[in-house]
Amino acid sequence: MAAAPARRTVIEHCAVATVDAADTEYAEGHVVVADGLIESVGPGPAPGGLAGVERRVDATGHLATPGLVNTHHHFYQWITRGRATDSNLFDWLVALYPVWARIDEPMVRAAAQGSLAMMARGGVTTAADHHYIYPRGTGDLSGAIIDSAAATGVRLTLARGSMDLGESDGGLPPDFAVESLDDALAATAETVDRHHDPAPDAMVQVAVAPCSPFSVSTELLRQGAELARSKGVRLHTHGSETVEEEKFCHEKFDMGPTDYFSSTGWLGEDVWMAHCVHMNDSDIDAFARTGTGVAHCPSSNARLAAGIARVPDLLARGVPVGLGVDGTASNEAGELHTELRNALLVNRLGPHRERALTARQALRLGTAGGARVLGRQRHIGSLEPGKQADLVLWRMDTVAHASIADPVTALVFGAPAPVTLSLVGGRPVVADGVLSRVDESEIAAATRREARRLAELA
Ligand code: ZN
């Protein structure tokens, strides 16, 4: 039997920023998608005579980029936004743990849908959700998150989180918010077995993700790392976020966070950490030597007064760096495209830092950089033939951007650009500027309802 003919989408007459290794760009170019993969990218109109064209997009006035990759988030926080707005990390956590301990499956489902909708309409095509609150008997929270990503059409890395170091053991979270070591490990293993897909076009991958040095035991870090490596999945946690965390590690373990992670098997090419704000030169060397990745979350770090991560120094040493929204209880906007601009601006703060990050470096952090951090750089993160067709068309011809000649400069320095079309594996997630698979107003109503229910319970 002959193979079925390819089904193609042709996008042309737009600027194209491929974010390939050479930063190849076309002032006017095309992208052809065939059977979910990028078939060709180049200058001028698409080649003539293509068969099986199902959709032809005249993208005049647009910039095409790879889809954005969000490397750190906590979807459930969508229904606990706007609380403890003037606190540092530890005070904010202490205020929120008792609220989070009351979440259940319908709440997590609505919150995940809200987080995903907000990200998807802003150009995110792959998102990592670090979920670490699993109150006993509250349903299948991981399943609710995975269902929500499938409904929206966004690729998901579910970082199955955990906490086992309650207050009575010297940790920060209250005892009622933590799991036992054995329960956490068993549930994480089960989540990997059930949901992790190693395929190039995977819509769901799972990572092992104990929450942070001050909320998990040394044993959970050690055994979590062994579990991840035995199953061939990635490892994720929070690291070096605040001065308080640094103090905690020095008091409890007599070493800084990076040395502590090193001592528990948590540096390596298969590890990425959120924040990494308080790093000295030798910490950065350790990340560079081992290939450990960083999820840079500039808005959250500013919101919680955590500090500024040394992104230019990390990049100069070859450390993999991507961008993260972080949970929306510490970044209420919940968007990743605004983090391109915030990463650039925050890293320029200080005298003589005008070259600290460029617009193209910021775009790379949000796309190819994020793909590398999630271990998916062979398949997503740039517009190159053979890769998954995860791409975004940003509208650049409205009053917000039309007077800026360079579209990448307009995207990063300008106001958040509207997304006209977003594809994941060639399938639309946003079409004509609207989420194509879910109803945004229904999601808004569900998030309002579940946020109220949680506020009444907590
Ligand atoms: Zn976080």
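Bear in mind that the values here come from a model prediction, so they are computed numbers and not experimental data. Order of appearance sets the numbers: ligands from 1, and atoms from 1 within every ligand.
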(message) Aromatic contact between H131 and Y76, with the criterion being ring centroids under 6.0 Å apart: yes or no?
(response) yes
(message) Check whether W78 forms a cation-pi arrangement with R81 (NZ or CZ under 6.0 Å from the six-membered ring centre, at most 45° off the ring normal).
(response) yes
(message) salt bridge (Lys or Arg N to Asp or Glu O under 4.0 Å) for R136 and E179? Distances and angles first, verdict last.
(response) CA-CA 8 Å; R136 218 172 260 281; E179 297 174 280; over 6 Å; no
(request) For H74 and D326, test the side chains for any donor-to-acceptor distance below 3.5 angstrom and give the result as yes or no. (result) yes
(message) Tell me which N, O or S atom from D326 is the closest to the Zn ion (ligand 1).
(response) OD1
(message) Can you tell me if, anywhere in C297, an N/O/S atom lies at a distance from the Zn ion (ligand 1) that is smaller than 2.8 Å?
(response) no
(message) Nearest 10°: the angle subtended at the Zn ion (ligand 1) by H238 NE2 and H74 NE2?
(response) 100°
(message) Restricting to N/O/S atoms, is E241 within less than 2.8 Å of the Zn ion (ligand 1) or not?
(response) no
